[in-house]
Amino acid sequence: MERKSGHKIDAVIFDMDGLMFDTERVAARGWKRAGEQLGFTISENELRQMRGRNVIAGRALFQEWYQGRISYDEARSVRTAYVTEYIEKEGTPVKEGLPELFKFLNSKTH
C-alpha cells in the first residue's frame with residue numbers, strides 16, 4: 001500500500017480492545033449483569049462514561065452515582081466474570097469489516 005507521497009507503508013498498528021474486537025458491547029452486558037445481581041441500575045449514559053476508564057476513575061464514578069451503596073470492586077468482579085465466561089463460550093466478537101480490512105491489507109503486502 002502506498003500513500004500519496006509515494007512512501008510505502010510497512011506496518012499498520014491497531015488498538016484491539018473496542019476497535020478490532022467488540023468488547024464494549026460484552027462489557028456493557030457484564031455491567032448490567034452486575035446491576036441485576038447487586039441491585040443497581042446502570043444507564044447507557046453511565047456505561048459511556050465508564051468506557052476506557054481505569055479502576056481509580058471507575059471507583060470515583062461509582063462513588064458519585066451510588067454514594068457508597070454499591071461496591072465498584074464487587075460490581076467489576078461480576079462484570080469481569082461475565083466477560084470471561086462469554087468469551088470462553090462465544091469467542092471474542094469481531095467488529096464489522098475487520099476481516100475485509102485484513103484481506104485488503106494482506107493484498108497490498110504481497
Side-chain angles (χ1 to χ4, degrees):
M1 180 186 318
E2 292 192 16
R3 297 159 102 182
K4 288 184 180 183
S5 65
H7 299 296
K8 183 179 177 196
I9 296 175
D10 295 317
V12 178
I13 299 173
F14 291 95
D15 176 4
M16 293 171 54
D17 190 24
L19 294 174
M20 291 175 67
F21 301 110
D22 195 1
T23 52
E24 292 172 358
R25 181 174 41 93
V26 179
R29 289 180 187 161
W31 284 118
K32 289 181 184 282
R33 165 82 54 87
E36 291 166 4
Q37 289 183 12
L38 302 175
F40 68 93
T41 301
I42 190 163
S43 70
E44 291 302 317
N45 182 45
E46 290 166 337
L47 288 170
R48 277 191 294 279
Q49 292 178 61
M50 292 291 288
R51 249 180 239 130
R53 302 286 179 137
N54 63 28
V55 171
I56 293 168
R59 280 191 194 115
L61 286 171
F62 262 58
Q63 179 60 35
E64 177 185 332
W65 298 333
Y66 307 113
Q67 291 80 43
R69 293 186 316 271
I70 305 298
S71 164
Y72 169 79
D73 293 314
E74 190 175 356
R76 186 170 185 266
S77 178
V78 171
R79 188 231 41 199
T80 300
Y82 175 86
V83 169
T84 300
E85 180 182 329
Y86 180 93
I87 290 172
E88 285 174 356
K89 288 181 180 176
E90 305 293 331
T92 305
V94 174
K95 286 285 198 169
E96 185 177 332
L98 185 65
E100 294 82 4
L101 176 59
F102 282 160
K103 185 175 179 180
F104 170 79
L105 291 172
N106 192 41
S107 75
K108 298 301 180 186
T109 60
H110 290 80

Original post:
Just by distance, do the side chain of T84 and the backbone of A81 share a donor-acceptor pair under 3.5 Å?
Top reply: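 No; zero donor-acceptor contacts below 3.5 Å.
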
So, for [X] and [Y], which heavy atoms are closest and what is the spacing to 0.1 Å?
X   : Y   : result
V83 : A27 : CG2-CA, 3.9 Å
V94 : P99 : CG1-CD, 4.1 Å
T41 : Y66 : O-OH, 3.1 Å
I42 : K32 : O-NZ, 3.7 Å
A34 : V78 : CA-CG1, 3.4 Å
I70 : L38 : CD1-O, 3.8 Å

**OP:** Please name all residues satisfying side-chain hydrogen bond (donor to acceptor under 3.5 Å, both in side chains) with Y72, sequence neighbours left out, ordered by chain then number.
**Re:**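 So Y72 forms a side-chain hydrogen bond (donor to acceptor under 3.5 Å, both in side chains) with R76.
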
Subject >> E88: partners by side-chain hydrogen bond (donor to acceptor under 3.5 Å, both in side chains), with sequence neighbours left out >> reply: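 Scan of E88 (side-chain hydrogen bond (donor to acceptor under 3.5 Å, both in side chains), adjacent residues dropped) gives none.
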
Original post:
Parallel under 30°, tilted from 30 to 60°, perpendicular over 60°: which one fits the rings of W31 and F62?
Top reply: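 W31 vs F62 ring planes: tilted.
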
Distance (rounded to the nearest 0.5 Å) between [X] [atom1] and [Y] [atom2]:
X    : Y   : atom1 : atom2 : answer
E100 : L98 : CD    : CG    : 8.0 Å
E74  : R79 : CD    : CZ    : 14.0 Å
E36  : Y82 : CD    : OH    : 9.5 Å
I87  : F21 : CD1   : CZ    : 9.5 Å

**OP:** Using the side-chain contact (heavy atoms from CB on, under 4.5 Å) rule, take E46 and L61 through it: C-alpha gap first, then chi angles, then the decisive distance, then the call.
**Re:** CA-CA 9 Å; E46 290 166 337; L61 286 171; over 6 Å; no

Original post:
Can you list the steps and then say if F102 with N106 is a side-chain contact (heavy atoms from CB on, under 4.5 Å)?
Top reply: CA-CA 6 Å; F102 282 160; N106 192 41; 6.0 Å; no

**OP:** Return yes when atom CD of Q67 has more than 12 non-hydrogen atoms of other residues, nucleotides or ligands closer than 6.0 Å, and no otherwise.
**Re:**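 Atom CD in Q67 is packed in, count exceeds 12.
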
Original post:
Around atom CD of Q37, are there more than 12 heavy atoms of other residues, nucleotides or ligands at under 6.0 Å?
Top reply: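 Enclosed.
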
Original post:
Is there a path from V55 to L47 through hydrophobic residues (I, L, V, M, F, W, Y) whose side chains come within less than 4.5 Å of each other?
Top reply: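 Yes: a chain of side-chain contacts under 4.5 Å links V55 to L47.
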
**OP:** Taking the side chain as every heavy atom from C-beta outward, state whether R48 and E44 have any atom pair closer than 4.5 Å.
**Re:**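 In contact.
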
**OP:** Apply side-chain contact (heavy atoms from CB on, under 4.5 Å) to the pair R59 and D73, showing each step before the final yes or no.
**Re:** CA-CA 8 Å; R59 280 191 194 115; D73 293 314; 2.9 Å; yes

